[in-house]
Each structure stands twice: as structure tokens, then as C-alpha cells.
Amino acid sequence: MAHSAEPRPMRARRPSGGLAGTHRVPGDKSISHRALMFGALAIGTTEITGLLEGEDVLRTAAAMRQLGARVEQRGPGAWLVAGRGVGGLTEPADVLDMGNSGTAARLLCGLLAGHPIFAVMTGDASLRRRPMLRVTEPLAATGASFWTREGGRLPLAVRGALDPLPLDYRLPVASAQVKSACLLAGLCARGTTRILEPEPTRDHTENMLRHFGATVRVADSAQGRVIELEGQPELTAAPILVPGDPSSAAFLLAAALLVPGSCVTIANVGLNPLRTGLLATLREMGAKLTVTNARTEGGEPVGDLTAEYGPLQGVEVPPGRAPAMIDEYPILAVLAAAARGETRMRGLAELRVKESDRLAATAAMLAANGLAARIEGDDLIVPGTGGELPGGGTVATHMDHRLAMSALVMGLATHRPVTVDDAGFIETSFPGFAALMNAMAGEPAIAAR
């Protein structure tokens, strides 16, 4: 489960023809994390189908076991979680290692804050650099105590509240992770937890809480979106069908839009409107995208997405769209480089605290391959080439899986191959990425260097 310390360089080259076929991407990572956590808090046994079995999610499964839930794999993507009820988690005997997963670590802070237990959490070198104060500061108001390294970084120790207080908190920045951590802590508190978010962020937590029987109210106000959760509900086990991850689907869509002669369909993709900012942006750029077989499964909208190669036009991406596509900016930057005209992506401060400083690393990825990009404040500006992508560079991935995948997709469309210094971290979110891309190409376009 742990990533090898030995770097795994990989190289991508332009295939001999277009990409084709109907494919599926791994299950949605955000929903997979939450399915395991809510299953652990429910009464009864939750059946999960389509769970993402990447390293990040497996870390969450291991943590739920350490906290007393029974978590079993029954087949590919098929898992059972026998929960302990709200407030019923038990003290872990050892340190909780969250690997590379910021989502798992931050949500787990909320889960632990509401339980009167002591726990210590750590992660890999990348996760230990990421700030946790954004969750520990609001969660301290529940009565939980946190101890961290300087700057609020892991390893982190927490003693949960004996009688947790409900929160009334306004998010300073749009963050689904902080919102979800506060709601998870609120499950164990008497009374109503109230969260105000300035911009709507992905609402998988609210959807899943309702799916398990909690009372959640959402309303728009002049200040933003208000979420209210009634504390100490009895969550009841409920089946979860995890749709394909739209952030993973983005790489297949981008490859089809970049490689001449391509037409690719991705089946069973999650189409939650708070996750589809990239689709809206691509349509503004003139991308040939169609959705078929639209339906609702487990409270989440799902459909089949088809992308076809064609010219793209540069656009301005408003800052308010960032929460709905926060993970897709690196691959959007690659598409912007292939478009005609300039693309300006506004308001990307949040990218500075991802697995890497993703804003600087994205600009560096383009620069290493002969493409212009500049950062002005929190904006990324990419002058388009109209499709002429030089390539030939080596990209420093900084232990960032989305950066590595973006660079490899770019290599499918550049004149010279593109190399990444380490592709090992791709397994954290997209197991089998290279094999799937090669199946689309019908040849080994992406291979170990």
C-alpha cells in the first residue's frame, strides 16, 4: 500500500492514431472516502460498490478498522463496512498513517474531534508539509484538543471532546474538506451545527448524510450557502454505488480533445454540478462534449461522457468556478496551451496548498516543455499555441499525482516525448492509469522510462 521510495520515471509519446473506445475510470475518490467513514458511523452493514481502491482510499479503510469498524473487501470495488454508530468509534492502538491523502487526514480530524478518544495521525513527506490549521482551529471550538508540528503540520495528536459542542462557523475560504470536517464533528454534538460557505463547494458529505438518515438543511443567503446538521442522529447503513471520478475522467477527456482523430466515451461518470466546472469551461472553449444516459444513483447525478477531438479557444475562467474544478487546473492548463488565444484562470490561491504548490508546479510543467505560462497574483495565464506543443522536457512532479497525469497526457500530443520524474504517486488516486490510456491508444504510448 505504501508508495515505493524509489522514483518511477515514466514517458509519454504521441500515438500513431486517435484514441478510441468506451472506458470506465476508477470510483470517485471523494465519495469513496466518505462511504467508508459514514459506514463506520452507521448502525448495520453498509454495502459499497465501485469503491476506488487507490492508496488514498485504502488508507481510510485501514484507519476505520483501527477505530473499531469492521471493513472487508468482497471483490473488486465491493466492500462491506459494519459500523459502530455515531460516537461509537474506539481508541486506536497505533498511529493512523494517512499516506498522501489530504482529504482523509482533514476529514478524519473532524471524525476524531467528536469522539472522546486519543489518536495520533501522520502521513508521507508530502502530506506532512500540508497545513492542517484550517481544520484544527474551527474544530477546537467543539472542545477537542489538537497538537501539531510548527505551522499546524502532521504528525498531529488529537483528544476528542467528551461532550462535543455544535459549531457555528463561517468558512474563510471555499473548502469542501473543512466543511466536511466540521459536519463530521457535528454528528456527535447535541444541537445544530451551522456552516456558512462563501462559495458552494462539492456537497458529497451533505448528500451522503441524508442517504444515511441524518437531517441536513441547505439554504442560500446573502452571505453564501448555509448548511445545518441536526446532531446525534442515528445513521442507518445504506448501500452506496460509487460513480466514476470526474477528476479522473478529466484526463481521458483531455487526451481525446488533444490527440487528432480521437473520440472517447467514459461510462458512469459522476456529474454532481458542484464538480463539473471543467465541463463548463471546456464547453466555453468549444470542446465537442456530449452527455448521454443521464441518471441519479445513490443521490448523485451520473452519466456517460463523450469527447471528440477539435479546435479549442482560450477563455477567462472566473474565480467563482474554482471550487467546482479545483483538481482539474493542471490538465486545463495543458488544454489551454493547445488552444487558440490566451486562457486566464483566476483566483487559484487554493492550489498553493495542494500536494505541491500546484500553481507554480503547473507553470513549471509547461515551461519545461517549451510552453509559455505566467503567474500574476493568484491567476495563471497560458498563451495558446493553436495545437503546436513542443514537449521534450522532464517534469518535476513533487509527489503530486495530478501533475504527473497531466504531464503524461500532454506527452500524447507533443512533438517530442514528455517524461515525469516519478509516476508512482498516480496509484494514490488512479490505479491502472497508464494501462487505460494505452488501451485508448491501442499501443504503449505511456511506458516506464
Side-chain angles (χ1 to χ4, degrees), residues 15 17-31 50 202-204 241-318 321 323-341 343 345 384 386-387 402 405-406 409-410 412-413 430 433 436-442 445:
L19 311 178
T22 297
H23 307 273
R24 286 177 178 258
V25 294
D28 186 286
K29 187 161 68 158
S30 295
I31 294 175
R202 57 184 68 177
D203 58 356
H204 303 306
L241 182 61
V242 182
D245 194 319
S247 296
S248 296
F251 298 103
L252 278 66
L253 293 175
L257 296 173
L258 286 167
V259 178
S262 297
C263 183
V264 170
T265 298
I266 310 154
N268 194 48
V269 180
L271 295 175
N272 185 304
L274 295 171
R275 295 284 299 281
T276 53
L278 179 68
L279 299 184
T281 302
L282 292 178
R283 289 193 174 103
E284 290 170 5
M285 295 175 78
K288 296 180 182 178
L289 293 175
T290 54
V291 176
T292 54
N293 195 20
R295 57 204 187 275
T296 300
E297 293 179 353
E300 292 282 346
V302 177
D304 301 340
L305 268 174
T306 299
E308 190 175 348
Y309 172 78
L312 300 173
Q313 182 66 43
V315 294
E316 179 165 310
V317 187
R321 197 172 287 169
M325 56 182 293
I326 196 64
D327 289 326
E328 282 81 70
Y329 282 104
I331 193 62
L332 176 60
V334 173
L335 290 163
R340 290 192 297 260
T343 295
M345 297 163 241
R402 298 199 193 280
M405 288 186 280
S406 298
V409 167
M410 179 169 61
L412 299 176
F430 200 146
F433 167 77
L436 180 52
M437 301 303 290
N438 288 336
M440 289 167 54

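Note that this is a predicted model, so its numbers are computed, not measured.
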Does Glu328 use its side chain to pair, donor to acceptor, with the backbone of Leu278 at less than 3.5 Å?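 Between the backbone of Leu278 and the side chain of Glu328 there is no qualifying donor-acceptor contact (under 3.5 Å).
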Between Asp28 and Val242 (side chain of the first, backbone of the second, donor and acceptor by atom type, cut-off under 3.5 Å), is there such a pair?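 A pair under 3.5 Å: no.
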How close do [X] and [Y] get, counting heavy atoms only, and between which atoms?
X	Y	result
Ala307	Leu257	CB-CD2, 4.2 Å
Val259	Gly18	CG1-CA, 4.2 Å
Pro26	Phe430	CD-CE2, 3.3 Å
Ala255	Leu19	CB-CD1, 3.5 Å
Ala336	Met285	CA-CE, 4.1 Å

Side-chain touch [X]/[Y], heavy atoms, less than 4.5 angstrom:
X	Y	value
Ser30	Arg202	yes
Thr276	Pro246	no
Asp304	Thr22	no
Glu300	Leu271	no
Val334	Leu258	yes
Phe433	Val409	yes
Phe251	Ser406	yes

What verdict does the side-chain contact (heavy atoms from CB on, under 4.5 Å) test give for Ile266 and Leu253, after you've listed the backbone C-alpha separation in whole Å, the side-chain angles of each residue and the deciding distance to 0.1 Å? CA-CA 8 Å; Ile266 310 154; Leu253 293 175; 3.5 Å; yes
Euclidean distance, Arg24 CZ relative to Leu436 CG, rounded to 0.5 Å: 12.0 Å
Only one of Val25, Val269, Ile31 clears side chain to side chain contact (heavy atoms under 4.5 Å, CB included) with Pro243; which?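 Among Val25, Val269, Ile31, the one that satisfies the side chain to side chain contact (heavy atoms under 4.5 Å, CB included) with Pro243 is Ile31.
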Is there a side-chain contact (heavy atoms from CB on, under 4.5 Å) between Val317 and Leu332? Walk through the geometry before answering. CA-CA 10 Å; Val317 187; Leu332 176 60; 4.1 Å; yes
Can a salt bridge be assigned to the pair Arg402 and Asp327 using a cut-off of 4.0 Å between side-chain N and carboxylate O? yes
Salt-bridge criterion met for Arg321 and Glu284 (N-O under 4.0 Å): yes
For residues 252-269, which residue pairs qualify under side-chain hydrogen bond (donor to acceptor under 3.5 Å, both in side chains), counting only residues two or more places apart or in two chains? Thr265-Thr306, Asn268-Arg295
Between Arg275 and Ser247, does a side-chain hydrogen bond (donor to acceptor under 3.5 Å, both in side chains) hold up when you go through it step by step? CA-CA 8 Å; Arg275 295 284 299 281; Ser247 296; 3.3 Å; yes
Should Met437 and Leu252 be marked as a side-chain contact (heavy atoms from CB on, under 4.5 Å) after you check the CA-CA gap, both sets of side-chain angles, and the distance that decides it? CA-CA 7 Å; Met437 301 303 290; Leu252 278 66; 4.0 Å; yes
Can you check side-chain contact (heavy atoms from CB on, under 4.5 Å) on Thr281 and Tyr329, steps first, answer last? CA-CA 11 Å; Thr281 302; Tyr329 282 104; over 6 Å; no
